[in-house]
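Let me begin by presenting the structure, written as C-alpha cells, before commenting on it.
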Amino acid sequence: MQKKECIAMLLAGGQGSRLRGLTRNIAKPAVPFGGQYRIIDFSLSNCANSGIDTVGVLTQYKPQLLNKYIGMGVNWDLHGNGGGVTILPPYVGDRGGCWYQGTAHSVYQNIDYIDSFEPEHVLILSGDHIYKMNYEEMLVYHRRKDADLTISVIEVPWEEAGRFGIMNADGDMRITEFEEKPRKPKNNLASMGIYIFKTEVLKTYLKKDALDSTSNNDFGKNVIPRMLREGCSIYAFPYQGYWRDVGTVESYWLASMEILDDDAKLKMFDNDWCVYSESTSFPPAYFATGSYVKNSMVAEGCRISGEIENSLLFSGVKVEPGARVKDSIIMANVKISAGVVIDKAIIGEEVTVGEGAVVGGEYSKEYAKVRGSREHNITVIENNSDIAPYSHIGVLVMVKKDEEQLSGISGV
Amino acid sequence: MQKKECIAMLLAGGQGSRLRGLTRNIAKPAVPFGGQYRIIDFSLSNCANSGIDTVGVLTQYKPQLLNKYIGMGVNWDLHGNGGGVTILPPYVGDRGGCWYQGTAHSVYQNIDYIDSFEPEHVLILSGDHIYKMNYEEMLVYHRRKDADLTISVIEVPWEEAGRFGIMNADGDMRITEFEEKPRKPKNNLASMGIYIFKTEVLKTYLKKDALDSTSNNDFGKNVIPRMLREGCSIYAFPYQGYWRDVGTVESYWLASMEILDDDAKLKMFDNDWCVYSESTSFPPAYFATGSYVKNSMVAEGCRISGEIENSLLFSGVKVEPGARVKDSIIMANVKISAGVVIDKAIIGEEVTVGEGAVVGGEYSKEYAKVRGSREHNITVIENNSDIAPYSHIGVLVMVKKDEEQLSGISGV
Amino acid sequence: MKKVLGLVHQMKNEGLLKSITHHRCMAAVPFGGKYRLVDFVLSNMVNAGIDNIGLVTPAGSRSIMDHLGGGRGWGLDKKHGGLVFLPSANGRKTGRRRIVDLRDFYHNLDFLENREEEELIISGSNVVCNIDYHKVFQGHLDTGADITVVCSGGEKEGQVFLDADEGGRIHRLIIGKNKKPDTQPVVSLDMYLLKKELLVDILRECADSNRWDLIRDVLAKRVEDLDIRAFFYDGYFAVINSLASYYRCQMELLSPQVLQELFFANGPICTKWKDGPPSKYYRTCRVSNSLIANGCQIAGVVENSVVFRKVKIEEGAIVRNSIIMPKVKVQAEAYLDGVILDKGVAVGKGVHLKAPKGQPVVVERGATYFQEGAFI
Amino acid sequence: MKKVLGLVHQMKNEGLLKSITHHRCMAAVPFGGKYRLVDFVLSNMVNAGIDNIGLVTPAGSRSIMDHLGGGRGWGLDKKHGGLVFLPSANGRKTGRRRIVDLRDFYHNLDFLENREEEELIISGSNVVCNIDYHKVFQGHLDTGADITVVCSGGEKEGQVFLDADEGGRIHRLIIGKNKKPDTQPVVSLDMYLLKKELLVDILRECADSNRWDLIRDVLAKRVEDLDIRAFFYDGYFAVINSLASYYRCQMELLSPQVLQELFFANGPICTKWKDGPPSKYYRTCRVSNSLIANGCQIAGVVENSVVFRKVKIEEGAIVRNSIIMPKVKVQAEAYLDGVILDKGVAVGKGVHLKAPKGQPVVVERGATYFQEGAFI
C-alpha cells in the first residue's frame with residue numbers, strides 16, 4: 001500500500017429510522033436525494049473533489065444496496081492505483097463476530113485498515129449530510145493549528161442549538177468546552193460531525209474508549225469529551241456554506257424543496273464542484289403536448305403528460321395525462337396514472353399509483369415559514385408499493401410493501 | 001435489474017482454521033495460491049469463463065481483504081452493465097443484526113438479492129476449491145434432467161470417501177441417497193459442494209430450513225437430505241477434471257507441489273480457460289549471474305540470486321546470494337537473506353528471513369507417496385513476521401506476528 | 001451469442017451533414033438529446049451479448065475516442081476483448097464513395113484473423129434502431145444463408161434497395177433511389193451477417209481485384225453465386241445520411257410511440273455517462289412536445305424540440321422545431337425556429353433565427369450571435 | 001500537482017528501429033520484458049498525481065490504443081480527465097524531421113484551451129527513466145523560469161545538447177552530436193515545463209511563421225528572450241532513438257542497480273495487465289543474468305537476455321544476449337545470440353541465429369525459421 005497523507009472514514013451504518021418508510025430496505029446514506037443522487041454521493045464527491053482518494057465506508061444497517069452502489073468507487077473517480085473506496089462491514093474475527101456499537105467503535109474495529117495506509121491524519125465523515133465542502137481547506141487549517149483534532153462547525157439558529165453538539169471556543173478557535181445537545185447552549189456553533197484527527201491521537205483515544213466499559217463508544221458523547229478533559233488541542237473549523245442534516249422526513253422534504261428555490265444555496269449547476277452519481281441509461285425527459293411544468297427538477301427518462309409543480313422527479317417517472325403532482329418528491333421509476341393527484345408527498349421507487357388516486361394533501365403554500373417545525377404532514381409511500389385506483393392516502397399513513405393493495409383509506 | 005437465467009452465490013465466509021497461520025488475517029478464499037492467484041480466483045474465473053456474470057459473494061470471517069480484492073469484479077471481467085459481483089456480508093436489519101449460521105442460512109438471508117435478478121436457477125459455489133470447470137455444461141445437464149437440484153460429483157479414492165458427502169445414484173444419475181461423511185461408504189462419488197437449484201425450489205427449502213430450529217442450516221447436512229426425503233428430483237453431475245479442496249496446510253502444500261509436476265493436471269498455461277487475478281506492477285523476474293532455478297514457478301518482481309528448487313515464488317520475492325529454497329511456497333514480497341535455508345515451508349507475505357536463518361526441514365523426496373497423510377511436517381510462517389538472523393525455526397512451529405523476533409528455536 | 005464478433009464500419013462522410021460532420025466522424029454525430037449515432041449500434045450489439053467489437057475509426061477523430069473511451073458506458077471495458085479501435089485505411093480516395101469500404105477491414109486483417117469468433121455482424125454506424133440481434137442471428141442460422149442482410153419494408157429513405165423473393169433470397173441490389181416505384185421498396189439497414197472465413201476470402205479477392213465496395217463490387221455481383229438473404233426487421237429505424245434525415249429522424253423521436261419503441265421496449269441504449277443534476281424548469285418556462293436532457297436550465301418556451309445537456313434557455317426566449325446541442329445558451333427574447341445549433345453556440349438577447357420550413361439551418365460549433373434582429 | 005496537464009508528443013519515426021517500428025509508433029515499442037516505451041512517461045506522470053494526460057496518437061496505430069485502452073492500468077480510466085488521445089496532424093511531411101512537432105499540439109488547440117490546468121509538462125514518449133516530477137515542478141516554480149528543460153550530465157546518447165550557465169540558464173541548444181568534446185555534455189531528456197498560456201502563444205506564432213519545431217524554431221532561437229532553464233536529473237535514463245540504444249538500454253536493465261533504480265526506488269512503472277500464470281522453470285533449464293516475464297515456459301538455457309510474456313524455450317535450446325518478445329517459440333537445440341525476435345517469431349529445431357557482436361539483428365513479427373543450420 002502506498003502511504004497517504006490523509007484518508008477518510010465514512011460512517012454509513014446508520015438506520016435513519018426517523019426517515020420512516022424511506023429507510024425500510026436501505027441504509028440512510030443510500031436514500032435518493034435531489035432528483036439524481038443518493039445522500040452519500042455528496043460526501044463521496046466532496047472526497048473526490050478534495051483530492052482524498054482513499055475512503056473506508058463503514059456499513060452495518062441494510063448495506064446491500066450501498067455495497068452494490070459504491071463498488072470500487074468508480075462513480076466518483078475514487079479508484080485507480082492504490083486507495084479507492086473500501087466497504088468495511090462488521091465481521092467475524094478469531095473471537096467471533098462483533099457488531100459496531102457506536103461511531104467510535106466502528107472506526108476502532110478497522111484500525112488495521114487505517115494502518116495499512118500509514119496516514120498522518122484521518123478524516124471522519126457522516127454519510128448522511130447534504131453539503132459541498134473542500135476538506136483540503138480544513139486539512140490545511142488543521143495542520144496550521146497543529147491540532148490533535150479539528151471539528152468542522154457551522155452557525156445554527158439559537159433556538160435550534162439545543163439539538164446539536166455545541167462548541168465553546170476561545171479567540172483562536174481552540175475549543176474549551178463541548179456540550180452534546182445542551183439545554184441552555186452558550187453558543188450557536190454546532191458540530192457538523194466532520195472530524196480530522198492526527199492518526200496517532202485517534203488511535204490512542206479509540207483504544208482508551210474501547211477499554212472503558214461505561215462508554216457508548218460515540219465520538220460526540222465519549223471520545224471528544226475525554227480528549228478535552230485530558231488536554232488535547234481541539235480546534236473548531238468554521239464553515240460558512242450550505243449544510244443540511246436530512247435525518248427526518250421533514251428535514252429531507254425541506255432540503256429537497258430548498259433546491260427548487262431560484263436562489264438555492266446548494267449550487268446544483270456548479271461545474272467546478274460536481275456531485276457525482278451513478279449512471280442511468282434513460283433517454284432525455286419527454287414532455288408531451290399539453291403537459292405543464294413549473295419550478296421543478298425533472299431527471300432523464302421521465303415522460304410527462306400531466307402537470308408538475310414545485311416537485312423533484314427522479315429518473316424514469318411516468319406522469320399520465322390529467323395527473324397533478326405538487327410539492328412532492330417522486331423517486332425513480334414511479335408510474336403516476338391518469339387523473340392522480342399527489343400533494344406534499346414522497347413517493348418511493350417503483351411505486352405505481354392507480355388511476356384517479358389521491359395521495360397527500362393539506363398543501364401549505366408558505367412552507368418556508370414553518371421551517372423547523374415537525375407539523376409538516378408529509379405523506380410517505382414506501383418503495384415498490386401499489387396504490388389502488390381511486391384510493392385516498394392521507395398524511396402520515398405509510399403504505400407498506402407487504403400490504404399489496406390499499407384502497408379507500410382517507411387521511412388521518 | 002435485468003432478468004438473468006442463472007446467477008451464482010459464492011460462499012466465502014469460511015474461517016479455514018485448519019490452514020493455521022495462513023488465515024490469521026484473511027478469509028480462506030483470500031489465501032494466495034499458485035504463485036499469482038488467490039483461492040477465490042478459481043471460482044470467479046470459472047464464473048466469468050462460463051458466462052455467469054452475476055455473482056453474490058457471501059462473506060463473514062475477516063472479509064476486509066476480500067472486499068477490497070473483489071471490488072466490482074473488474075479483475076475477472078465480471079462487471080459491465082447489470083449483474084457483476086456484489087459482496088453480501090451479514091447485516092443489521094429491522095430486528096437487529098444476524099450473523100450467518102450456516103451455508104444455507106447465509107443464502108436464506110440474501111433471498112432479496114436473488115429475487116432482484118429473477119433467475120430461473122441459482123448456482124451455489126464454495127470459494128475455497130482449486131479447479132477449472134465450465135458451469136454452463138452443468139447448467140445444460142441440469143435443464144435436460146429438469147432437476148430440482150443438480151450436484152456436481154467427483155470420484156474420490158475409496159479410502160477417502162468417508163471424508164466427503166457421498167451420493168448413491170440410480171442408472172440415470174438420479175440421487176437416491178446422500179450420506180454426509182459415511183463410515184461405510186457405498187460409493188465413491190463425492191459432492192464437490194457445487195449445486196444448481198431451481199430458484200423456486202431453493203427458496204421453498206431455505207424457508208423450511210429456516211423454520212426448523214433443530215437444523216444447522218447447512219446445505220449438505222440439512223437442506224439436501226430434507227429435499228431427498230420429500231421426493232425432490234436431485235441429479236448427480238459427474239465431473240472428470242482436476243479438483244482439490246485445499247482446506248488444510250497439508251492439502252494446500254500438496255496441491256501447490258502438484259502444479260510443478262511436468263504433467264500437472266491443473267493446466268496453468270491453458271489460454272482458453274484463463275484464471276484471472278489482480279494486477280501487480282512489478283518488472284519481470286530477474287535472475288542474477290550465479291543463481292539457480294529448477295522445477296519451480298517464479299512470478300514477476302522476484303530477484304533471485306540464490307537457489308530455488310521445487311518451489312513456488314509469488315511476486316516481489318527477493319532471494320539473496322547463497323540462500324536456498326526447496327519444496328516451499330514463498331508468498332509475495334518475502335525477503336530471504338543471504339545464506340538462509342528454507343525447506344518444506346510456507347512463508348507468508350512480507351516476511352523477512354534474516355541472514356543465515358534455517359526454516360523448516362525434514363525434506364521428503366517422495367512426497368507423492370505419502371499423499372493424504374497428515375505427517376508432512378510443513379513449517380508455516382505467518383504474514384509480516386520477522387525471522388531473526390541465524391535462528392532455527394522447525395516444523396510445526398508457527399511464528400506469530402506479535403512475537404516480533406524469534407531466534408534459536410529448534411524444531412519440535 | 002458469445003461467439004459473434006461485431007464490426008462497425010464508417011462512411012467517409014466529410015460534410016454529409018454540413019458543418020456537423022466537418023470535425024466529427026459520422027459515428028460521433030450527436031443525436032437524440034444525449035447520444036451519438038454509434039451508441040445505437042454498440043448498444044444493440046451489447047444487448048445481444050456481443051462484447052467483442054471492432055470499430056473502424058477514421059484518423060484524426062478525437063471526438064469518437066473521447067466519447068467511447070475505454071467502453072465503460074457500454075460495459076465494454078473488458079480485460080479480454082471489449083471495444084477495439086480499428087484504424088481506417090488511409091489510401092487514395094477514389095472517385096466514387098464506397099458504401100461499405102472493405103479496405104478498412106483489409107487494413108485490419110491480422111485483427112480479424114487473430115479473433116477466435118467464427119461469426120460476424122457488420123453494421124454501419126449511422127442506423128438508429130433498437131434491434132434484437134439474437135433474433136437476426138437465429139434467422140441467419142435457420143436459413144443457412146451465406147450472408148444475411150437486414151432490411152425493412154417501410155417507406156424510408158435509404159441508399160441500397162433489395163429485390164428478394166418469397167423465401168427471402170436476394171436477387172438484386174439497387175444502389176441509390178428505388179427504381180421500381182410500382183412495388184413496395186425494401187431498404188437495406190446496412191447490417192450484414194456472415195462467417196468470418198467468408199469475409200476473409202472476400203477481402204483477399206478484393207485485394208486481387210482492387211475493388212473494395214462490399215455492396216457494388218461483391219454483393220451486387222455475386223447474388224447468384226452466394227446465398228444472400230434478407231432478414232425483415234419491422235421496428236422503427238432511420239438511416240442518417242443527409243441533413244434532412246438527421247433532422248427528420250430527431251423530430252420523429254418526439255412521437256411517444258417511437259420513444260417507447262426505441263428506448264423502453266428492447267434493451268437500453270447506452271452512452272457515455274456525464275454527471276450533472278436533473279434539468280431545472282423555472283416558473284416562467286413552457287415546455288411542450290420536447291425531449292430535454294439533464295443539466296439544462298429552462299426558463300423560456302420550448303416546443304417541438306430536442307435539447308441536449310447543459311443548455312440554458314432564458315426567460316422570454318422561444319425555441320421551436322429545433323435541435324439544440326450541449327452547452328448552448330439562448331438569451332432572453334431570442335427566437336429560434338427550425339434550426340440546429342451545434343455545441344456551445346451562444347444566441348444573444350433578442351436574436352431571431354428562423355429557417356424556412358423543412359429546410360433546417362445548421363449553426364456551427366461555438367458560433368455566437370449577439371446582434372438583435374431577424375436572421376435568415 | 002493537481003493543476004498540471006501532461007502532454008506526450010511522438011516522433012514521426014517509421015523505420016527508426018527497423019521493422020520494430022514498421023507497424024508500431026514509438027510509444028508502443030515493447031521494452032523491458034513487459035512494458036511499452038510510453039509506460040515510463042505515463043507512470044512518471046501518474047506517480048506525481050498528474051491524471052489528465054493528452055497523448056499524441058499517430059493515425060493508424062492500433063497497437064498503442066490496444067495497449068492503453070481506457071487507461072485502466074495506470075488508474076487513468078476517469079470520468080473526468082484521464083487519458084485523452086490527441087490525433088496527430090496529418091499534414092505534408094517536410095524534409096527535416098521535427099524533434100518536437102508543434103503542429104500536433106496546434107491541431108488540438110481546442111483541447112488545450114478547454115482544459116482548466118494552467119501548467120504543462122510535455123514529454124517525449126521514448127525516454128526510459130523513473131523521475132519524480134514533483135521535484136522537477138518544484139524546481140521550475142522556484143527558478144520562475146518560462147521554460148524548464150530536464151537534462152542530465154551523463155555520457156549518454158541523445159539528440160539535443162544544452163549549454164547552461166551556473167545558474168542553470170540555457171544559452172544555447174545544439175542539435176545532433178555534442179560539438180564541444182572538451183566539455184562534459186549536457187543532454188536533454190526531451191521534457192519541458194511551461195505555462196499553458198505560453199505554449200498557446202508559441203503555437204499561434206508557429207502558425208504565423210509555419211515553422212513547427214519546438215527545439216529548432218522556438219527554443220534555439222529564443223534563448224535570450226525567454227528564460228529557459230535546465231533541471232538536472234541524476235538518475236538512470238535512456239533515450240531510445242536507434243536500434244543500438246534500444247538494444248543497449250535493455251541490456252543495461254540486467255544490472256541490479258539499474259533495475260532497482262528504475263522499478264523499485266521511486267513509484268511503480270505501470271503497464272497494461274495481462275492475466276497469466278508465473279513462469280515455469282523446468283528441471284532442464286539454466287537461467288543467468290536475465291529478466292523473464294510471466295507466462296513463460298523455460299526448459300533451455302537463457303543468458304544475458306530479456307524475455308517477454310508467454311515465451312517457450314525448449315530443452316536444449318540456448319538463448320544468449322537476446323531480446324525475445326511475447327509468444328516467441330524456440331525449439332530444442334536452437335541457438336540464438338545477439339538477436340531481437342519480434343512478437344510471435346518461431347525458431348525451429350536446431351536453427352542457429354547469431355548476430356555479430358554489437359550489431360543486433362531484428363527478426364520481424366511472426367517470422368518462422370525452420371531449416372536447420374546456421375544463419376547470419
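A, B, ... follow the sequence lines: proteins, then strands. Residue 1 opens every chain.
- Within the 4.5 angstrom heavy-atom criterion, no atom of B:Asp270 approaches chain D.
- Minimum interatomic distance between D:Pro277 and B:Gln36 (heavy atoms only, all atoms of both residues): C-OE1, 4.5 Å.
- With a 4.5 Å cut-off on non-hydrogen atoms, B:Phe282 touches chain D through its backbone and its side chain both.
- Along residues 281-294 of chain D, the residues that come nearer than 4.5 angstrom to chain B, judged on non-hydrogen atoms, are D:Tyr281, D:Tyr282, D:Arg283, D:Cys285, D:Val287, D:Ser288, D:Asn289, D:Ser290, D:Leu291, D:Ile292, D:Ala293, D:Asn294 in order of number.
- No donor-acceptor pair under 3.5 Å is formed between the side chain of D:Lys280 and the backbone N or O of B:Ile259.
- Counting non-hydrogen atoms of neighbouring residues, nucleotides and ligands closer than 6.0 angstrom, the CD atom of D:Glu315 reaches no more than 12 such neighbours.
- The minimum heavy-atom distance linking D:Tyr35 with B:Pro284 is given by the pair CE1-CD, 4.1 Å.
- Between chain B and the options D:Lys274, D:Glu303, D:Gln260, D:Arg309, heavy-atom pairs under 4.5 Å are most frequent for D:Gln260.
- Most heavy-atom pairs under 4.5 Å with chain D: of the set B:Ala288, B:Gly35, B:Ser296, this distinction falls to B:Ser296.
- Counting heavy-atom neighbours within 6.0 Å of D:Lys312 NZ, excluding the residue itself, gives a total of 12 or less.
- Heavy atoms closer than 4.5 Å to chain B are found nowhere in D:Lys272, neither backbone nor side chain.
- B:Arg303 places a side-chain heavy atom less than 4.5 Å from the side chain of D:Phe264.
- Interface residue B:Thr280: backbone and side-chain heavy atoms are both found under 4.5 Å from chain D.
- The part of B:Val275 that comes within reach of chain D is its backbone (N, CA, C, O), which places non-hydrogen atoms under 4.5 angstrom from that chain.
- Contacts with chain B were tallied for D:Gly295, D:Gly33, D:Ser279, D:Gly276; D:Ser279 has the most, counting heavy-atom pairs under 4.5 Å.
- Counted within 6.0 Å of CG on B:Asp262, heavy atoms from surrounding residues, nucleotides or ligands total more than 12; the atom is thus considered enclosed.
- Side-chain contact between D:Pro278 and B:Leu313 is absent, with no heavy-atom pair separated by less than 4.5 Å.
- Among residues two or more places apart in sequence or in another chain, the ring pair (Phe, Tyr, Trp, His ring centres under 6.0 Å) test is passed with B:Tyr292 by none.
- Heavy-atom pairs under 4.5 Å with chain D were tallied for B:Ser281, B:Pro283, B:Ala299; the largest tally goes to B:Pro283.
- Between the B:Tyr286 side chain and the D:Leu254 main chain, a donor and an acceptor come within less than 3.5 Å of each other.
- Per-residue counts of heavy-atom pairs under 4.5 Å with chain B were compared for D:Leu259, D:Ile269, D:Leu253; the largest is that of D:Leu259.
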